[in-house]
Amino acid sequence: MTIINFTPISSVIGGLLIGLAVIIFFIGNGRIAGVSGITNNFLFSKINRLDNFLFLLGIILGPLLYRFFTGTTIPFVIDSSLILLVSAGLLVGVGTAIGGGCTSGHGVCGISRFSSRSIVATLLFMFAAIITVYVKGMI
Amino acid sequence: MNRFCSLFSGLIFGLGLTISGMTNPEKVINFLNVARSWDPSLAFVMIGAILVSAPFFYLVKNKNKPLFAESFSWPTLKEIDSKLIIGSLLFGIGWGLIGLCPGPAIASISLIHHSSFTFILAMLAGFSLVRAYNLIN
């Protein structure tokens with residue numbers, strides 16, 4: 001194993017900001033900032049629909065604000081295979097809906113609350129993702 | 001005020017994802033590629049986030065009311081059931097296939113990339129499938 005493209009400082013700064021966003025959303029609105037749940041609720045529930053929309057809009061505006069102030073382009077390199085994109089999207093949608101959370105809801109908020117459910121969920125999705133990348137790399 | 005709070009918190013969230021480089025699926029794949037060439041950055045993002053939110057959740061535990069809403073919505077589920085296990089495994093497989101999870105996927109809408117739109121539509125279809133299944137059963 002070799003270490004590549006490691007950006008510890010910007011990662012920690014970005015992480016601190018995500019933690020701050022979690023705090024603001026909870027102390028202000030009393031809700032957990034889990035992106036899969038908020039997106040799901042925005043689609044199907046009338047409760048807090050405007051708040052859910054504004055939170056998601058904020059996430060979308062984040063990269064634009066960054067680009068506006070720094071003038072740098074934001075890299076986005078992705079496997080563009082249609083079948084992979086559709087399967088991945090479906091699995092992420094179905095999986096987070098059944099499992100009740102994603103990297104933000106379980107991985108950040110849940111672990112921060114020392115929730116055993118979220119710790120198990122995070123270990124499982126990390127494990128599954130690592131195996132998937134490993135297997136995909138062999139094909 | 002709660003409207004402003006939602007938008008502001010989303011904005012900070014999106015900025016955090018961008019600054020940390022997590023909006024780039026390639027960087028996420030490099031984190032998951034532990035066995036070959038590894039980029040540990042994503043772990044540092046999570047540690048950074050947890051470092052600030054864990055003490056906060058501990059301190060707020062005995063408070064009874066948020067600033068702009070009636071009550072705190074603490075997650076109520078406690079049991080580690082098959083839904084949690086199966087759902088998390090499926091999510092992990094999808095995440096590993098492309099390197100996008102819901103947060104960065106939503107943030108990437110502003111980057112206007114057709115692959116990101118395809119992924120998001122499929123993800124919303126996934127939400128709808130589970131929703132339809134739950135309504136039938």
Side-chain angles (χ1 to χ4, degrees), chain A residues 2 4-5 7-8 11-12 14-19 21-25 28-31 35-36 40 51 54-55 58-60 62-64 66 75-78 80 85-86 88-99 102-104 108 112-113 120-121 124-125 128-130 132-134, chain B residues 2 5-7 9-16 18-20 24-26 32-33 35 37 39 41 44-45 48-50 52-54 56-57 66-69 72-73 80 83 87-98 101-103 106-107 109-111 115 118-119 122-123 126-127 130:
Chain A
T2 47
I4 56 157
N5 305 329
T7 50
S11 292
V12 171
L16 293 174
L17 285 174
I18 292 170
V22 165
I23 293 178
I24 296 168
F25 201 61
N29 296 347
R31 294 172 55 207
V35 181
S36 61
N40 209 332
D51 280 305
L54 289 170
F55 180 79
I59 294 185
I60 298 169
L64 297 180
Y66 178 83
F76 188 79
V77 182
I78 190 166
S80 59
L85 285 165
V86 172
L90 279 172
L91 284 163
V92 169
V94 169
T96 55
I98 297 176
C102 58
T103 333
S104 48
V108 173
S112 296
R113 298 184 299 107
V120 168
L124 287 174
F125 67 67
I130 286 168
T132 304
V133 169
Y134 185 74
Chain B
N2 60 329
C5 176
S6 303
L7 181 67
S9 130
L11 201 59
I12 301 290
F13 201 111
L15 265 181
T18 314
I19 289 172
S20 60
N24 187 4
E26 188 183 48
L32 297 169
N33 200 5
S37 50
D39 175 359
S41 301
F44 279 60
V45 180
I50 291 166
V52 289
S53 56
F56 162 78
F57 279 120
L67 296 174
F68 316 118
F72 286 115
S73 307
I80 295 164
K83 280 173 74 180
S88 299
L89 287 172
L90 292 177
F91 163 46
I93 297 169
W95 189 31
L97 280 179
I98 282 292
C101 56
I106 297 292
I109 290 176
S110 58
L111 305 177
S115 296
T118 308
F119 176 90
M123 179 175 87
F127 289 155
V130 175

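Every chain is numbered from 1 and lettered A, B, ... according to where its sequence line falls, protein lines coming before strand lines. Heavy atoms only: backbone and side chains are in, while hydrogens, waters and symmetry mates are out. Owing to the predicted nature of the structure, the values given are computational and were not obtained by experimental measurement.
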- Query: Who are the side-chain contact (heavy atoms from CB on, under 4.5 Å) partners of B/I19, not counting sequence neighbours?
  - Reply: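 Only A/S10, A/I13, A/L17, A/Y66 meet the side-chain contact (heavy atoms from CB on, under 4.5 Å) criterion with B/I19.
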- side-chain contact (heavy atoms from CB on, under 4.5 Å) with A/L91: which of B/L89, B/I98, B/L90?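 So the option named by the test is B/L90.
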Looking at every heavy atom in both [X] and [Y], which two are closest together, and how far apart are they?
{"X": "A/G28", "Y": "B/P66", "answer": "O-CB, 3.7 Å"}
{"X": "B/G126", "Y": "A/L90", "answer": "N-CD2, 3.8 Å"}
{"X": "A/S36", "Y": "B/P102", "answer": "CB-CG, 3.8 Å"}
{"X": "B/S88", "Y": "A/A121", "answer": "OG-CB, 3.3 Å"}
{"X": "B/A122", "Y": "A/V86", "answer": "CB-O, 3.4 Å"}
{"X": "B/A69", "Y": "A/N29", "answer": "CB-O, 3.4 Å"}

- Who wins among B/G103, B/P25, B/A35 for the most heavy-atom pairs under 4.5 Å with chain A?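 Among B/G103, B/P25, B/A35, the one with the most close pairs to chain A is B/P25.
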- Any idea which of B/S9, B/C5, B/S73 has the most non-hydrogen atom pairs under 4.5 angstrom with chain A?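 Going by pairs under 4.5 Å, I would pick B/S9.
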If you count heavy-atom pairs under 4.5 Å with chain B, which of [options] comes out on top?
{"options": "A/P8, A/A97, A/G15", "answer": "A/G15"}
{"options": "A/V77, A/T2, A/V22, A/V133", "answer": "A/V77"}
{"options": "A/I60, A/V12, A/L124", "answer": "A/I60"}
{"options": "A/A88, A/G99, A/G14", "answer": "A/A88"}
{"options": "A/V35, A/D51, A/L16", "answer": "A/D51"}
{"options": "A/P75, A/S80, A/S104", "answer": "A/P75"}

- Message: Looking at B/F68, I'd like to know if its CZ atom is crowded, meaning that more than 12 non-hydrogen atoms belonging to other residues, nucleotides or ligands lie closer than 6.0 Å.
- Response: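 Counting neighbours around CZ of B/F68, more than 12 heavy atoms of other residues, nucleotides or ligands fall under 6.0 Å, so yes.
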Inter-residue atom distance [X].[atom1] - [Y].[atom2], 0.5 Å rounding:
{"X": "B/L111", "Y": "A/L64", "atom1": "CG", "atom2": "CG", "result": "7.5 Å"}
{"X": "B/W95", "Y": "A/I130", "atom1": "CH2", "atom2": "CD1", "result": "8.0 Å"}
{"X": "A/I24", "Y": "B/F13", "atom1": "CD1", "atom2": "CZ", "result": "11.5 Å"}
{"X": "B/I106", "Y": "A/F55", "atom1": "CD1", "atom2": "CZ", "result": "10.0 Å"}
{"X": "B/S41", "Y": "A/N5", "atom1": "OG", "atom2": "CG", "result": "8.0 Å"}
{"X": "B/F127", "Y": "A/T96", "atom1": "CZ", "atom2": "OG1", "result": "4.0 Å"}

- Query: Do B/F91 and A/T103 come close enough that some side-chain heavy atom pair is under 4.5 Å?
  - Reply: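 Yes, close enough: below the 4.5 Å cut-off.
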- Query: Do the non-hydrogen side-chain atoms of A/I78 and B/F119 ever get within less than 4.5 Å of each other?
  - Reply: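 A/I78 does not reach B/F119 side chain to side chain.
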- Message: Heavy-atom cut-off 4.5 Å, strictly under: side chain, backbone, both or neither for B/F57 against chain A?
- Response: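 Contact with chain A involves the side chain of B/F57 alone.
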- Message: Between A/V108 and chain B, with a heavy-atom cut-off of 4.5 Å, which part of the residue counts as in contact: side chain, backbone, both or neither?
- Response: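 Contact with chain B: backbone and side chain both.
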